[in-house]
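Notes to accompany the following structure.
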Amino acid sequence: MAFDLENAGFMTRAIHAGQGPDPAFGALATPIYQTSTFCFDSVEDGMAKFDGATPGYVYSRGGNPTVRTLELKMAAIEGGEDCVAAGSGMGAVSSVLLGLLQAGDHVIVGDCVYGCTNVVIRDVMPKFGIEVTPVDTSDLGAVAAAVKPNTKMVYFETPMNPLMKVTDIAGVKRAVGEGIRVVVDNTFAPAPVQRPLACGADIVLHSVTKYLNGHGDVIAGVIIGSAEDIAVIKNIGVTKTSGSICSPFDAFLIIRGLQTLGMRVERHCANALAVARYLEGVPCVKRVLYPGLESSPYHELVITQMNGLGTGILSFELADDVNGMSSFEAGKKLLNALQLSHIAVSLGDPASLIQHPASMTHHNVSPEVRAEMGITDGLIRFSAGLEDAEDLIADFKQAIAQL
Ligand SMILES: Cc1ncc(COP(=O)(O)O)c(C=O)c1O
């Protein structure tokens, strides 16, 4: 009898779900099935596999055993019926939209999302007859007020990139009611932090590039939800319209990364909290945006929705006048003076990464929309790595001393 993984703890599921010795030779690590196509025993066998009468693989754009292992593991980690992997986080975002929406539909989108997501939803979707209303989803009254008879989806990130506001997922579901899909980009708070489906969301997606892979060497995405929704997103969105599929080699690396997800994420969060507490006490720091701080308006949601863990990312802004420099000029000097953290976009890598949203992750968002979102020119985003917290703080101290 197989172990009851459905009721097992998070680490047990992350290690064992979807994975077992390979049937061919008993290999414990999932083999990389690096093939475009699969051979059939006969024409009849091929016909049966094509029409689904016999299970099996036919062509790697439609499915691949290594990628399937990743999908089954992610479905177990997020607690969804099924999962489909994509070639990037943006592949996942666009496949959900292309799979589930049609002309005439209305989407409510978080007013502060990753720059490329903002472009796809707010600029590209209207070209296909889809109506879009940006809303601050941390304000449940505003979400409820934005619902129209043709609203089909609410899409948001929580915490939001890069302002770190937290949305009450169960509250959004209650505010919009049944029949409107709640889609959560959970990139910033993967399990064991936050499980949106358990809070009432219908679909959860990730840029796997970040914490899920966790080693900074893959670009990929995943989408998890009901078997019915995932079948549509897979068949219409991922494998046909966007064609954004995950490669077997990337799936292999992600499966390996997922087995240490719990330990890694807890340490990323603890390091971010330590740096946030330090920055909060620095006189030339104007504001620190980190939901795990007791002073944050989102601290209560960190306890109730985020397993008390918070996230590994924080944003902050220096004072308007730092020894005669504007917060933007001082921020540039600070980034250039850091010795441990790399100046790079992305997050969730073992190494700490620091970046300037207005000129980097959100540079493709117009200055007006950036101002509307609250992304100032002085804002800096920091992704805490897995280093020792004391070393990260020592690095900030020496860089701040140079301002
Ligand atoms: C919250 C969020 N969603 C989606 C994406 C897109 O992911 P990818 O870069 O893997 O396409 C990013 C990228 O930074 C992100 O931060």
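None of these values were measured; they are calculated from a predicted model.
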**Message:** Pair Met360, Ile343 - check side-chain contact (heavy atoms from CB on, under 4.5 Å), show working.
**Reply:** CA-CA 10 Å; Met360 296 179 185; Ile343 304 171; 4.1 Å; yes
**Message:** Walk me through whether Val109 and Met125 qualify under side-chain contact (heavy atoms from CB on, under 4.5 Å).
**Reply:** CA-CA 11 Å; Val109 62; Met125 286 300 119; over 6 Å; no
**Asked** Yes or no on side-chain contact (heavy atoms from CB on, under 4.5 Å) for Phe316 and Ile380, after CA distance, side-chain angles and deciding distance?
**Response** CA-CA 5 Å; Phe316 65 97; Ile380 295 167; 3.7 Å; yes
**Message:** Checking Cys269 against Val265 for the side-chain contact (heavy atoms from CB on, under 4.5 Å) test, could you report, in this order, the C-alpha distance in whole Å, the side-chain angles of both residues, the deciding distance, and whether it holds?
**Reply:** CA-CA 6 Å; Cys269 294; Val265 167; 4.1 Å; yes
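In this model, a donor atom of one side chain and an acceptor atom of the other lie less than 3.5 Å apart for Ser95 and Ser242. Using modelled atom types and a 3.5 Å distance limit, the side chains of Glu387 and Ser352 yield a donor-acceptor pair.
Side-chain N or O atoms of Arg267 include one that pairs as donor or acceptor with a backbone N or O of Leu386 at under 3.5 Å. Arg264 places a side-chain N or O within donor-acceptor distance of the main-chain N or O of Tyr211, the cut-off being under 3.5 Å. Remark: the backbone N or O of His268 is not paired with any side-chain donor or acceptor of Asn271 at under 3.5 angstrom.
Residue-environment remark: CD (Gln102) stays at or below the threshold of 12 foreign heavy atoms within 6.0 Å. Counting heavy atoms of neighbouring residues, nucleotides and ligands inside a 6.0 Å radius, atom CE of Met263 does not exceed 12 of them. Remark: Glu228 CD is loosely packed, at most 12 non-hydrogen atoms of other residues, nucleotides or ligands lying under 6.0 Å away.
When all heavy atoms are compared, the tightest approach of Cys284 to Leu403 is SG-CD1, 4.2 Å. Looking at every heavy atom in both residues, Pro248 comes nearest to Asn64 through CG-ND2, 3.5 Å. Heavy-atom minimum distance, Gln305 versus Cys199: CG-SG, 4.2 Å.
Side chains of Glu78 and Arg195 form a contact here, defined as non-hydrogen atoms less than 4.5 Å apart. Using a 4.5 Å heavy-atom cutoff, the side chains of Leu347 and Arg381 are in contact.
Using cut-offs of 30° and 60° for the angle between ring planes, the His362 and Tyr114 rings count as perpendicular. His356 and Phe328 have tilted rings, their planes meeting at an angle from 30° to 60° on a 0 to 90° scale.
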